[in-house]
**Student:** 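Here you go, one structure.
Residue numbering restarts at 1 for every chain, and letters A, B, ... go by the order of the sequence lines. All of these numbers come straight from a predicted model, not from anything done at the bench.
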Protein chains: 2
Amino acid sequence: MRILVVEDDTDLNRQLVTALEEAGYVVDSATDGEDGHYLGDTEPYDAVVLDLGLPTLDGLSVLENWRRDGRTMPVLILTARDRWSDKVSGIDAGADDYVAKPFHMEEVLARVRALVRRAAGHASNELTCGAVRLDLRAGRVTVDGSPVKLTSHEYRLLSYLLHHQGKVISRTELTEHLYDQDFDRDSNTVEVFVGRLRKKIGSDLIETIRGLGYRLGAAGDS
Amino acid sequence: MRILVVEDDTDLNRQLVTALEEAGYVVDSATDGEDGHYLGDTEPYDAVVLDLGLPTLDGLSVLENWRRDGRTMPVLILTARDRWSDKVSGIDAGADDYVAKPFHMEEVLARVRALVRRAAGHASNELTCGAVRLDLRAGRVTVDGSPVKLTSHEYRLLSYLLHHQGKVISRTELTEHLYDQDFDRDSNTVEVFVGRLRKKIGSDLIETIRGLGYRLGAAGDS
DNA sequence: CTTCAACAACAAGAATGCGCATGGGGTCCG
DNA sequence: CGGACCCCATGCGCATTCTTGTTGTTGAAG
């Protein structure tokens with residue numbers, strides 16, 4: 001999962017990025033409204049953490065522009081406790097959730113988790129497919145009840161596939177969501193990881209759709 | 001575990017800090033309401049000892065502000081014996097426990113212990129994981145029944161991990177809770193202590209989650 | 001039916017970077 | 001002064017990641 005953080009306070013920005021990365025996300029960040037807006041328009045994020053008070057372009061405008069351009073990724077607004085009216089305008093502009101500053105990092109993480117989850121249409125913190133079960137909160141994976149040890153990239157890949165069960169995921173989509181901006185596109189890294197994952201969780205789960213990509217779950221054919 | 005003490009009587013403040021440090025906590029302190037409020041808002045404490053009669057900003061207001069900002073750490077109120085009504089307002093403001101002045105230091109320590117324990121979801125004063133047993137009251141650790149001698153930092157580390165069994169704890173989280181404000185973040189001190197602790201209590205207990213942090217107990221992997 | 005091209009899976013080596021052990025220097029204590 | 005303890009820096013080992021090359025598979029054209 002790939003997250004965008006737009007926050008001008010460099011200190012807080014770094015904190016957010018660190019915490020999100022520790023939680024297993026791939027994170028890009030911007031410190032002003034224009035950069036943030038550009039990134040959100042051009043890169044496919046699974047969620048955005050957006051501060052409202054930003055230089056060069058106000059957070060609300062950023063959000064409004066995104067929505068006008070048809071960007072639908074979930075957005076978590078950071079707002080000062082006393083700026084209550086912002087919340088109302090934020091709702092109008094298309095925000096999905098709020099956290100008031102100052103906040104507990106834990107709370108932001110929980111809300112981001114919920115946003116990503118909901119955006120993919122899941123209700124619980126556990127994703128399952130066949131014998132595979134992934135606990136988002138503890139970051140733990142089990143197959144048939146017995147725990148499986150995954151490296152961080154394997155975990156991210158599985159998490160993304162589980163969030164989009166039944167959908168055909170192209171290789172480009174995977175690289176875009178599993179890596180940050182600058183990544184060498186022509187390499188078969190993804191295939192290698194799919195292979196490893198299959199070896200660990202069973203090869204019948206991830207289906208290859210030749211020429212298009214991969215699909216997890218949903219025994220349907222094409 | 002990291003504790004915040006807010007108490008304007010410098011004498012009492014020092015006593016509290018000393019006693020808590022001797023009990024194995026990392027302690028920050030403030031002598032007026034504003035400083036205290038700021039610290040509680042910005043640093044991640046595991047518990048707070050809060051006097052009510054404070055200069056610049058009343059203790060109750062400090063507490064109310066914290067709660068309104070979503071700070072959920074347990075707070076132990078110090079209140080004068082004859083100000084009974086404070087207790088009621090304190091409950092409303094979100095306090096977790098009380099001690100009436102004058103008090104026995106032992107009582108404060110016991111209550112802080114209980115608060116930290118409950119906040120982590122434990123009922124007893126003994127934390128165990130596998131063969132390791134930690135007695136919070138006596139500050140003693142045994143492995144397979146035989147006592148183990150830990151230095152104060154080793155003890156703090158183990159205590160924190162035991163309080164958060166099964167959770168992945170990042171290095172940043174550890175430094176934040178095991179050290180006070182000013183501490184050089186980029187050094188491998190934490191790893192050194194994890195290494196020492198493993199040598200003393202057995203290396204199979206603390207699991208390394210590469211790139212994320214450490215986890216104690218819960219044999220599951222990810 | 002054969003051949004060829006495109007694509008995917010796999011294997012194995014190379015490179016990166018993380019985590020760990022070790023030892024020195026500093027500080028606080030008796 | 002000596003000892004215990006803590007912090008920090010260096011260097012090594014190894015897990016993880018990435019690349020490269022080869023083999024296998026599919027589908028269409030000759």
**Student:** Taking atom types as modelled, find out whether E34(B) and T56(B) have a side-chain donor-acceptor pair closer than 3.5 angstrom.
**Tutor:**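 Short answer, no.
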
**Student:** Between dT19(D) and T189(A), is there an OP1 or OP2 to side-chain N/O distance shorter than 4.0 Å?
**Tutor:**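 Result: yes.
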
**Student:** Checking all strands, does R171(B) fall into the base, sugar-phosphate, or nothing category for heavy-atom contacts under 4.0 angstrom?
**Tutor:**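 R171(B): backbone/sugar contact only, no base atoms under 4.0 Å.
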
**Student:** Checking only heavy atoms, does the side chain of N188(A) share a donor-acceptor pair with the base of dT20(D) at less than 3.5 Å?
**Tutor:**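 Check passes, donor-acceptor contact within cut-off.
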
**Student:** Taking CG from L212(B) and P from dG17(C), how many angstroms apart are they, rounded to a whole number?
**Tutor:**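 Going from CG in L212(B) over to P in dG17(C) covers 17 Å.
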
**Student:** May I ask you to evaluate whether Y179(A) reaches the phosphate of dC18(D), defined as a side-chain N or O under 4.0 Å from OP1 or OP2?
**Tutor:**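 Indeed, a polar side-chain atom of Y179(A) lies that close.
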
**Student:** Could you pick out which residue, V192(B) or R210(A), lies toward the 5' side of DNA chain C when each is mapped onto its nearest nucleotide?
**Tutor:**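 Closer to the 5' end of DNA chain C: R210(A).
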
**Student:** Rounded to the nearest Å, what distance is computed from the CG atom of residue L157(B) to the P atom of nucleotide dC7(D)?
**Tutor:**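 Spelled out: CG on L157(B) to P on dC7(D) is 12 Å.
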
**Student:** CD1 of I209(B) versus P of dC20(C): gap in Å, rounded?
**Tutor:**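 Rounding to the nearest Å, CD1 of I209(B) and P of dC20(C) are 11 Å apart.
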
**Student:** Which heavy atom in R215(B) sits nearest to a heavy atom in I209(B), and how many Å separate them?
**Tutor:**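 Scanning both residues completely, I find the closest heavy atoms to be NH2-CD1, 3.8 Å.
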
**Student:** Using distance alone, with no hydrogens and no angle criterion, decide if R171(A) and Y214(A) have a side-chain donor and acceptor under 3.5 Å apart.
**Tutor:**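 Yes - a donor-acceptor pair under 3.5 Å links their side chains.
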
**Student:** Please give, in whole Å, the distance from dC10(C) P to F193(A) CZ?
**Tutor:**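 Result: 15 Å.
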
**Student:** Does S152(A) put a side-chain nitrogen or oxygen below 4.0 Å from OP1 or OP2 of dT17(D)?
**Tutor:**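 The answer is yes; a side-chain N or O of S152(A) sits under 4.0 Å from OP1 or OP2.
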
**Student:** Thinking salt bridges, do D97(B) and R111(B) make one under a 4.0 Å N-O criterion?
**Tutor:**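 Yes, charged N to carboxylate O under 4.0 Å.
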
**Student:** To the nearest Å, how far apart are K200(A) NZ and dT17(D) C1'?
**Tutor:**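 Roughly 12 Å, once rounded to whole Å.
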
**Student:** Is there a side-chain polar atom (N or O) of Y155(A) under 4.0 Å from OP1 or OP2 of dT16(D)?
**Tutor:**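 So the side-chain polar atoms of Y155(A) never come under 4.0 Å of the phosphate oxygens OP1 or OP2 of dT16(D).
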
**Student:** Looking only at heavy atoms, which two atoms of M1(B) and S159(B) are closest? And how far apart?
**Tutor:**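 Taking every non-hydrogen atom into account, CE-O, 4.0 Å.
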
**Student:** If I take atom CD in residue E191(B) and atom C1' in nucleotide dC7(D), what distance separates them, rounded to the nearest angstrom?
**Tutor:**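 Spelled out: CD on E191(B) to C1' on dC7(D) is 13 Å.
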
**Student:** Describe the nucleic acid contact of V194(A) in one word from base, sugar-phosphate, nothing, applying a heavy-atom distance below 4.0 Å.
**Tutor:**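 Here V194(A) touches no strand at all.
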
**Student:** How many whole angstroms separate atom NE2 of H153(A) from atom P of dC18(C)?
**Tutor:**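 Between P of dC18(C) and NE2 of H153(A): 12 Å.
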
